[in-house]
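Here is the structure we will look at, set down as structure tokens.
If you read the sequence from its start, that first residue is 1, and numbering goes on from there.
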Amino acid sequence: MAATTAQPMGSLPSGLGICTTAPDIFYIPELVFGGLVWILVASTHVDPPNPLGWVMFVSVFCFVMTFLWMIIFAAGGHKNSSPWAAADFAYHGLAALFFLSAGVDLAIITIRVKDGDLKIYRTYISAVVFAFVATLLYFIHAILSAIRWKYF
């Protein structure tokens, strides 16, 4: 009989287990799509500064926090305790809400600049799509984290 690497829903993975279990398998795509939003918005002239400042804050904050969260989980710093499962749900829910608001802000700004430079317009469209993909990934991660927390 072959050994399985799947862990029960009532435990938090560590090491390479974060690359094979749901919801932790979403760490890498969250980093990729959140980082793409950061790069695309940062590569253009930030105008207007306030709403795009929020988009930059969200993308940088979530990128850094997700990376740190992934390192903590990979190192086993959570000690398989219930408060970490709750914090995992809370962080990913907050990140989903942040990225949703940033994506809406960026979509509104994109509509306003459609008559301007075509390159910036296309860059913003790409950033909006990636922001909503990141929102979806964080939301799915939050839902699966809530289910895992329920079994603790």
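- One hydrophobic cluster, built from ILVMFWY side chains closer than 4.5 Å, cannot hold both Val60 and Leu97; they sit in different ones.
- With sequence neighbours excluded, the residues forming a side-chain hydrogen bond (donor to acceptor under 3.5 Å, both in side chains) with Ser145 are Asp88, listed by chain and number.
- Of all heavy-atom pairs spanning Ser59 and Val37, the tightest one is CB-CG1, 4.1 Å.
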- Give the C-alpha distance, both sets of side-chain angles, the deciding distance and a yes or no for side-chain contact (heavy atoms from CB on, under 4.5 Å) between Lys114 and Tyr124. CA-CA 10 Å; Lys114 71 178 176 181; Tyr124 282 173; over 6 Å; no
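- Checked against ring-ring contact (aromatic ring centres under 6.0 Å, His included), Phe132 has no partners two or more places apart in sequence or in another chain.
- Qualifying side-chain contact (heavy atoms from CB on, under 4.5 Å) partners for Ile111, counting only residues two or more places apart in sequence or in other chains: none.
- To the nearest 0.5 Å, atoms CG (Leu52) and CD1 (Ile109) are separated by 4.0 Å.
- When hydrophobic clusters are built by joining Ile, Leu, Val, Met, Phe, Trp and Tyr residues whose side-chain heavy atoms come closer than 4.5 Å, directly or via intermediates, Ile25 is grouped together with Phe73.
- Residues Leu12 and Ser81 share a closest heavy-atom pair of CD1-O, 3.6 Å.
- With sequence neighbours left out, Phe33 forms a ring-ring contact (aromatic ring centres under 6.0 Å, His included) with Phe130.
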- ring-ring contact (aromatic ring centres under 6.0 Å, His included) assessment of Tyr27 paired with His141: CA-CA 9 Å; Tyr27 281 127; His141 196 146; 5.1 Å; yes
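- Checked against side-chain contact (heavy atoms from CB on, under 4.5 Å), Ile71 has the following partners two or more places apart in sequence or in another chain: Phe67.
- Side-chain atoms of Tyr91 and Cys62, non-hydrogen and from C-beta on, do get closer than 4.5 Å to each other.
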Show the atom names and distances, to 0.1 Å, of all donor-acceptor pairs under 3.5 Å that link a side chain in residues 133-140 to residues at least two apart or in another chain.
| unit_1 | atom_1 | unit_2 | atom_2 | d |
| --- | --- | --- | --- | --- |
| Thr135 | OG1 | Phe99 | O | 3.4 |
| Thr135 | OG1 | Leu100 | N | 3.3 |
| Thr135 | OG1 | Ala131 | O | 2.8 |
| Tyr138 | OH | Thr66 | OG1 | 2.6 |

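- Taking the side-chain hydrogen bond (donor to acceptor under 3.5 Å, both in side chains) definition, one finds that Ser101 meets it with Trp54, sequence neighbours left out.
- Shown here are the side-chain contact (heavy atoms from CB on, under 4.5 Å) partners of Lys119, two or more places apart in sequence or in another chain: Asp117, Thr123.
- Using bins of under 30°, 30° to 60° and over 60° for the plane-to-plane angle, the ring pair Phe98/Phe57 lands in the tilted bin.
- Evaluation of the salt bridge (Lys or Arg N to Asp or Glu O under 4.0 Å) test over residues 68-80, restricted to residues two or more places apart or in two chains, returns none.
- Contact between Phe26 and Leu144 at its shortest, heavy atoms only, is CE1-CD1, 3.7 Å.
- Residues in residues 121-135 take part in no salt bridge (Lys or Arg N to Asp or Glu O under 4.0 Å) pair, two or more places apart or across chains.
- Inter-residue side-chain proximity for Leu106 and Val41 is flagged as met; some heavy-atom pair is nearer than 4.5 Å.
- Closest approach of Leu40 to Ala127, counting heavy atoms only: CD1-N, 3.7 Å.
- When all heavy atoms of Trp84 and His78 are compared, the closest pair comes out as CD1-O, 3.2 Å.
- Neither Ile39 nor Met65 shares a network with the other; the hydrophobic side chains, linked directly or stepwise wherever heavy atoms of I, L, V, M, F, W or Y lie under 4.5 Å apart, form separate groups for each.
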- Message: Run Ile108 and Val104 through side-chain contact (heavy atoms from CB on, under 4.5 Å) and show every step you take.
- Response: CA-CA 6 Å; Ile108 291 168; Val104 169; 4.0 Å; yes
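- Scanning for ring-ring contact (aromatic ring centres under 6.0 Å, His included) contacts around Phe89 gives Trp149, with sequence neighbours left out.
- Sorted by first and then second residue, the salt bridge (Lys or Arg N to Asp or Glu O under 4.0 Å) pairs involving residues 22-38 (not counting sequence neighbours) are Asp24-Arg148.
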